[in-house]
Amino acid sequence: MFRTLRRALCVAAALLLPLAGTQSSAFADVDAQAGAGYWHTSGRLILDAAGQPVRIAGINWFGFETASHVVHGLWARDYKSMIDQMKSLGYNTIRMPYSDDILKPGTMPDSINTDGKNTDLGGLTSLQVLDKIVAYAGQSGLKIVLDRHRPDAAGQSALWYTASVPESTWITNLKALATRYKGNPTVVGIDLHNEPHDPACWGCGDTSRDWRLAAQRAGNAVLSANPELLVMVEGVQSHNGVNGWWGGNLMGVAQYPVQLDVPNRLVYSAHDYATSVAQQSWFSDPSFPANMPGIWDKYWGYIFKQNIAPVWLGEFGTTLQPSVDQKWLAELVKYLRSTSAYGADGFHWTFWSWNPNSGDTGGILKDDWQTVDTAKDAYLASVKAPGFDAGGPGPGDPGDPGGGNATCTAAYTVSSDWGGGFNAEVKVTNAGTLPLKSWKVTWTWSGSQKVTSMWNASHTQSGATVTAVNAAHNGSVPVGGSASFGLGGAPGGGAVPSVSCTAT
């Protein structure tokens, strides 16, 4: 997304397409251990190396594409604590925007506080910091999609090249990143270029403007360096006179699909926004929000519904201030298909953004880079999906008669305390020899603390005693694996309680 100004464009009336197929019981329950190895596609599904369906349910964490040359917020917090918090909230993938500037030799990051936090990042180049983030994300069971957001830190470009960053540089750098992380399936894919827009076209045949042809050239270059990666291709702005969001118009795929040399690697990506970014004609339609599924069907949803390829909503966001935006987000989340009903047979997504400093949307975090916007996060609860195997011990042998036990431990950590209140995170670890199906954590505070909010778990409180039970998406925990939840409470200043965990 171009963070300072978004151009809104009008659009023709949309056609409501029928859903291809119905809910399949095969996808009604996403395996909590899915995600191992590199991924590939099969029709509209993304499958892991073992053929299990997976769902990208993630967050954008921007900054590498800016003049800071590193993810934002490291002036306020340690990068590991932020990744831990992302996981505790139920996000399983990070879309990581970058510009080609970070691939220039010796590019150094700015605005990293290494005084008591981020201590292992001191003196590292931007790429070396990216290596650290990739390593910790993988260790935590999160995947990363690299997003070539801008040619340089100066700003978004309509085309994939500029006078100072030619196509050859773009492709060379894409191949360099594909090579850098080859053999590390934490980096599961690359988004080739963010938000192509006018004069970019799709299928016009002009090699200087035809994004579809450029995506084929770049995608094949990426796959020549690492044939295991997913290649994410965004839309354009205009097709056959019909305009939409930058990168959000995939109407041309119907006639001009992207063709890659390696099969089963292509994922189409769209972007969609609300009025806090810009006005569109459909927001003032008398039938809003009932008209929105037809809009999405026309621009990008048909690709999924016709089983052409997986579709990933790489960006969508809002300040959530206007009521129209609230209706838009509720309708969009419903359109993406709930994980409880459809498992991994739904649209993939990464919300914009983790950062609070996105001017036209804000973020999941509030301005202190600590506190969660629980109202915004709650809208996404139904489409969150299980995290992925972090490469720990296997699931044991649950089929052995009388073999194994289901047990868990829990660790309670205060992430911030400002006197009047506090935030805490609780990590549940499967300490047994059987996978957990569900869990319950209990503690008793020594003071007058009360839970004021909780995410990724539900709770009851009786006096000073709190009982927290897993949410639908994080109850299943593989042997050696973990799940997390967070809470806000008041007042602050209390002692860390002893916690107990029970497998239920």
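This is a predicted model, so every value here is computed, not measured.
- Taken from CH2 in Trp75 to CG in Asn113, the straight-line distance is 11.5 Å, to the nearest 0.5 Å.
- Within the 4.5 Å cutoff, the side chain of Thr350 has no heavy atoms near those of the Val145 side chain.
- Between Trp443 and Trp445, the ring planes are perpendicular. Angles over 60° get that label, and only those under 30° would be called parallel.
- Taking the six-membered ring for Trp and thresholds of 30 and 60 degrees, Tyr91 and Trp349 have ring planes more than 60 degrees apart, a perpendicular arrangement.
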Derivation of the side chain to side chain contact (heavy atoms under 4.5 Å, CB included) call for Val129 and Ile112: CA-CA 10 Å; Val129 173; Ile112 300 180; 4.3 Å; yes
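- Considering only residues two or more places apart in sequence or on other chains, Ser126 meets the side chain to side chain donor-acceptor pair (under 3.5 Å) condition with none of them.
- Aromatic ring pairs are classed by plane angle as parallel below 30°, tilted from 30° to 60° and perpendicular above 60°; the pair Trp282 and Trp245 is perpendicular.
- Counting heavy atoms from C-beta on, the side chains of His193 and Glu234 never come closer than 4.5 Å.
- Taking the charged nitrogens against the carboxylate oxygens, Arg150 and Asp101 have no contact shorter than 4.0 Å, which rules out a salt bridge.
- Environment of NZ in Lys440: sparse, with no more than 12 heavy atoms of neighbouring residues, nucleotides or ligands closer than 6.0 Å.
- Taking a cutoff of 4.0 Å between a charged side-chain nitrogen and a carboxylate oxygen, Arg180 and Asp131 qualify as a salt bridge.
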As a quick check of understanding, evaluate side chain to side chain contact (heavy atoms under 4.5 Å, CB included) for Lys87 and Ser482, giving each step before the final call. CA-CA 10 Å; Lys87 181 178 179 180; Ser482 62; 3.3 Å; yes
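- Checking Thr444 against Thr465 by side-chain atom types alone, a donor-acceptor pair falls below 3.5 Å.
- A donor atom on one side chain and an acceptor atom on the other are not found under 3.5 Å apart for Ser68 and Asp110.
- In this model, no donor atom of one side chain and acceptor atom of the other lie less than 3.5 Å apart for Asn60 and Glu315.
- Ion pairing of Asp84 with Arg77 is absent here, as no side-chain N (NZ or NE/NH1/NH2) approaches a carboxylate O to less than 4.0 Å.
- His72 and Thr66 share a donor-acceptor pair across their side chains, judged by distance under 3.5 Å alone.
- For the pair Val233/Leu192, a side-chain contact is recorded, criterion being any heavy-atom separation below 4.5 Å from C-beta on.
- Under the 4.5 Å side-chain criterion, counting only non-hydrogen atoms from C-beta, Ser476 is not in contact with Pro435.
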The test is side-chain hydrogen bond (donor to acceptor under 3.5 Å, both in side chains); show your working for Ser276 and Asp360 and say whether it passes. CA-CA 6 Å; Ser276 59; Asp360 42 13; over 6 Å; no
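- Asp272 and Trp328 form a side-chain donor-acceptor contact under 3.5 Å, judged by distance and modelled atom types alone.
- To the nearest 0.5 Å, atoms CH2 (Trp439) and OG1 (Thr429) are separated by 11.0 Å.
- With rounding to the nearest 0.5 Å, the separation of OG1 in Thr361 from CG in Leu320 is 11.0 Å.
- A 4.5 Å side-chain heavy-atom check between Met251 and Tyr299 finds at least one atom pair inside the cut-off.
- The aromatic rings of Trp211 and Trp160 sit tilted, their planes meeting at an angle between 30° and 60°.
- Side chain of His348 to backbone of Ile56: a donor-acceptor contact under 3.5 angstrom is found.
- Val426 places none of its side-chain heavy atoms less than 4.5 Å from the side chain of Met454.
- Checked against the 6.0 Å centroid criterion, the rings of Trp61 and Tyr79 do not qualify as a close aromatic pair.
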After noting the C-alpha distance and the side-chain angles of Gln156 and Asn194, does the key distance pass the side chain to side chain contact (heavy atoms under 4.5 Å, CB included) rule? CA-CA 8 Å; Gln156 183 64 41; Asn194 185 66; 3.1 Å; yes
What's the verdict on side chain to side chain contact (heavy atoms under 4.5 Å, CB included) for Tyr342 and Arg55, showing C-alpha distance, side-chain angles and the deciding distance? CA-CA 10 Å; Tyr342 296 99; Arg55 186 177 201 181; over 6 Å; no
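- Taking the six-membered ring where the residue is Trp, Trp300 and Trp296 present tilted rings, their angle falling between 30° and 60°.
- Taken from CG in Leu127 to OG1 in Thr125, the straight-line distance is 5.5 Å, to the nearest 0.5 Å.
- Here the side chains of His149 and Glu195 are not in contact, with every heavy-atom distance at 4.5 Å or above.
- For the residue pair Ser140/Lys80, the side-chain donor-acceptor check at 3.5 Å is not satisfied.
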One pair to check against ring-ring contact (aromatic ring centres under 6.0 Å, His included): Tyr273 and Trp352. What are the steps and the verdict? CA-CA 9 Å; Tyr273 280 97; Trp352 189 280; 7.4 Å; no
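- Dense packing is recorded around NZ of Lys376, with more than 12 heavy atoms of other residues, nucleotides or ligands lying under 6.0 Å away.
- Residues Ser340 and His473 have side chains not in contact (no heavy-atom distance under 4.5 Å, counting atoms from C-beta outward).
- To the nearest 0.5 Å, the span separating CG on Leu229 from CG on Leu146 amounts to 8.5 Å.
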